[in-house]
S.K.: 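Here you go, one structure.
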Amino acid sequence: MTELLRLSLLGTPQILVGERTLSGAASYKKTEALLFYLAVTGYTGAAQTAQHTRDAIAALFWGEQPDAQARQSLRTLLSDLRRLVGDHVQIERQTVAFDRSRPYWLDVEVLRRSLEPDPSSVDRTVRQAAVDLYQGEFLHGFQVRDAPPFETWVVEQREQIHTLVVNALTGLVSEYTQSGDQAAAMAANRRLLGLDPWSEPTHRQQMRLLAQTGDRAAALAQYETCRRVLAAEFGIEPLPETTALYEQIRAGEISPLLSVIGHLSTDARSDEQPEPGRTTNDPEPVTDDKGPMTSASPPLQVTGHNLPLQAKLFGRQAELASLQKWVVEEAGAPRARLVGIFGIGGQGKTTLIATFVRALANASPPPFPQLGKATDSSVARAAVGQGGFTRIIWQSLLNAPPLAEVLQGWVYVLSDQTVTSLPNSLDQQLRLLLDYLSHQRCLLILDNLESILQGDEQSGAYRPGYEAYGQLLRHLAVGEHRSCLLVTSRERPPEVTRLEEETPVVRSISLTGLPADAGRQVLVGRGLTANPAGLDALVQHYSGNPLALKLAAETVHEIFDGDIGAFLQTETLVFDDIRHVLDQQFARLTPLEGELMRWLAILREPVPFTGLRDLLAQPPAARLVLEAVRSLQRRSLLEKFDEGFGLQNVVLEYTTDRLVEDFGF
């Protein structure tokens, strides 16, 4: 059976055949170049395969050589190409073509198929997915010596694809804005700025969007970014209309479209829905056993990104207690400066931290009631004093903003909107931030940290250009200040693991599935009324994952008329959002990590560490297996049981589904 050929050409090119990475060998440059040319030109928008004559290909790479010499070079190249990708190319006596009947995936083809038609004829979700494939210019960093026609073709492709993406993003910004999805509009507009950082209309659009979502600090900081970019590149100042917009925002003449605290934000997604009878804008009452708590002082202000949809939290009382102990109380010990909340997607990391922040913002200032005296029903809302905080700043990293952008927004808020630009060096920027955090007690939140971590490498590696976030974590952990940084992530960054062992001011929580009683509450809250045994079976099947339980409950209720048994007999138990979450996490695995996951799914039982290496077809060094196991643990995909290492049920079912889809068993 022909293996899947996967070509990723938007950004640094990658070639994968099955699980093997083939790109990167300098001796194969022209071989790779020919493969890229055949694959891209082979897509014509129709089913037929585009044929190329040998003479045309010889001219593409050896146009200045004599014909006989060029044909001999081509024969050698085609032999190398056959060894590289096998039956994925059709090599005939007179023609060469990319065989589109073989299993393959080509990001350029997906992008063009989604963006070249009339935009109104293509679903917005499809267009968004297409622009998300654009991780950099076509064949970024890829060059072939002494082949000017090929290089000319590459430049033409880059310009065409760049234009397609810019036009698509422009349309998406407009559509998201009209539909009221400000977070998605800002994300698309930020991508536009990355492609054309000198576009003043795009800078102005970002300023408006930020102001309309209540983030006036970031809107004004965007103007400073625009001003610096124009000065550095062209030696000019912004246009009068850009400066006029800046003055309007500074004067507060552009009002937020939504309130700051407690409304729905697509930048920070929640696993749960609001409690019946409560709108997303209603602040949740803070109570103790004696009734509502009142405060003589106004509640803390939450600035930055909007809090996610208010949700009911199940079964996380112990985690809330830990957060209060470390961040608010910590009698006799230094309060935490850095706290990480980690876990696989769907466990409710954002919901947990948002619940804590809401309670903190709405609670009375100290003295505050002790957590142990509160009832279970009030733990998620009450017994959290303000802890001396004067500000709470929530920042989602879902759309991977550069650290400089985040720092500028923070400093602008902390300086009471007086500092609108940062020093040049990162060290100076971090010292400035630490100075503000030393003179006031502030709670900073970085949600979705995994968005700035690199996939296809061991967990914890930062994406190129985002390494400075690691310095931020270390700086806030070891520096002397009065504030605290809360971080959520599907992967554990190395700084937290290392620093947690060295200092008590760094703490972490690893969220696992809900216990049976809390899982039953989720299901009952979603309308299921089966007997406890049936509910427990569903909770166990999904390892207590809140998002999976929510989706399963809705499906059982709406499609299977509440019959849990009938639902469990289906062959597709991992679907919708939970599958999307796991797709994202599996896409980040290294080949060795993926192989370990597949073998554990095949065996369906825990394996001792000493036995893991023996499972592999070509066992690597023991060190590499150990590093892969530790990486999978940091990704929250591998669990340690008494019998050894294994997969929780929801991950096991998902991995099994992938095995069936990829290999037919």
Side-chain angles (χ1 to χ4, degrees), residues 125 183 264-275 280 307-316 319-320 341-356 380 396-398 447-451 488-491 509-528 535-560 564 567-568 570 572-588 635-639 647-658:
T125 304
L264 175 63
S265 166
T266 55
D267 252 4
R269 299 167 183 168
S270 168
D271 294 341
E272 305 285 353
Q273 297 296 320
E275 295 180 60
T280 59
L307 289 179
L309 180 67
Q310 186 162 312
K312 188 171 183 179
L313 193 68
F314 294 96
R316 299 299 188 194
E319 289 83 357
L320 284 166
I341 313 293
F342 307 115
I344 194 172
Q347 294 287 24
K349 299 178 293 295
T350 298
T351 301
L352 171 67
I353 202 169
T355 301
F356 177 74
S396 171
L397 300 182
L398 193 62
D447 193 26
N448 304 112
L449 186 76
E450 74 278 352
S451 301
T488 74
S489 179
R490 296 176 187 174
E491 296 183 17
I509 295 173
S510 294
L511 287 188
T512 56
L514 297 174
D517 57 344
R520 285 195 299 269
Q521 292 177 37
V522 173
L523 296 173
V524 172
R526 295 288 170 180
L528 289 190
L535 296 176
D536 286 348
L538 205 54
V539 173
Q540 181 179 9
H541 186 82
Y542 285 107
S543 309
N545 184 288
L547 176 59
L549 291 176
K550 181 197 79 170
L551 295 172
E554 293 173 352
T555 304
V556 171
H557 183 70
E558 296 172 3
I559 298 179
F560 294 88
I564 293 177
F567 171 72
L568 291 175
T570 64
T572 304
L573 298 177
V574 180
F575 55 94
D576 282 355
D577 286 355
I578 190 62
R579 184 175 183 86
H580 177 65
V581 165
L582 290 170
D583 280 340
Q584 290 177 328
Q585 291 199 234
F586 267 66
R588 304 173 70 85
R635 296 189 199 275
S636 307
L637 290 172
L638 191 64
E639 293 203 2
L647 310 179
Q648 55 176 281
N649 287 341
V650 67
V651 178
L652 176 62
E653 294 296 337
Y654 170 83
T655 310
T656 302
D657 285 350
R658 285 182 66 106

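Positions are given from 1 along the sequence.
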S.K.: With a 4.5 Å limit on heavy-atom distance, are the side chains of Leu449 and Thr488 in contact?
M.R.: no
S.K.: Report the C-alpha separation of Leu647 and Leu638 in whole Å, then their side-chain angles, then the decisive distance to 0.1 Å, and conclude whether the side-chain contact (heavy atoms from CB on, under 4.5 Å) test is met.
M.R.: CA-CA 6 Å; Leu647 310 179; Leu638 191 64; 4.0 Å; yes
S.K.: State whether the side chain of Lys349 and the backbone N or O of Gly343 hold a donor-acceptor pair below 3.5 Å, judged by distance alone.
M.R.: yes
S.K.: Going by side-chain hydrogen bond (donor to acceptor under 3.5 Å, both in side chains), name the residues that satisfy it together with Ser510, two or more places apart in sequence or in a different chain.
M.R.: Arg492
S.K.: According to salt bridge (charged side-chain N to carboxylate O under 4.0 Å, His left out), does anything in residues 510-520 pair up with another residue at least two apart or in another chain? List the pairs.
M.R.: Arg520-Asp536
S.K.: Minimum heavy-atom separation for Asn545 to Leu547, with atom names?
M.R.: OD1-N, 3.1 Å
S.K.: Between atom CZ of Arg490 and atom CD of Gln347, what is the distance when rounded to the nearest 0.5 Å?
M.R.: 11.0 Å
S.K.: Decide yes or no for Leu535 and Ile564: does some side-chain heavy atom of the first lie under 4.5 Å from some side-chain heavy atom of the second?
M.R.: yes
S.K.: Check Ala553 against Leu523 and note the closest heavy-atom contact, atom names and distance.
M.R.: CB-CD2, 3.8 Å
S.K.: Report yes if the side chains of Leu637 and Ile344 come closer than 4.5 Å at any heavy-atom pair, otherwise no.
M.R.: yes
S.K.: Taking the side chain as every heavy atom from C-beta outward, state whether Glu450 and Asn448 have any atom pair closer than 4.5 Å.
M.R.: yes
S.K.: Quick one, Val539 and Leu514 - any side-chain contact, counting heavy atoms below 4.5 Å?
M.R.: no
S.K.: Taking all atoms of both residues into account, what is the closest heavy-atom pair of Pro515 and Gly315, and its distance?
M.R.: CD-O, 4.4 Å
S.K.: Report the residues that fulfil salt bridge (Lys or Arg N to Asp or Glu O under 4.0 Å) with Glu639, sequence neighbours left out, ordered by chain and then residue number.
M.R.: none
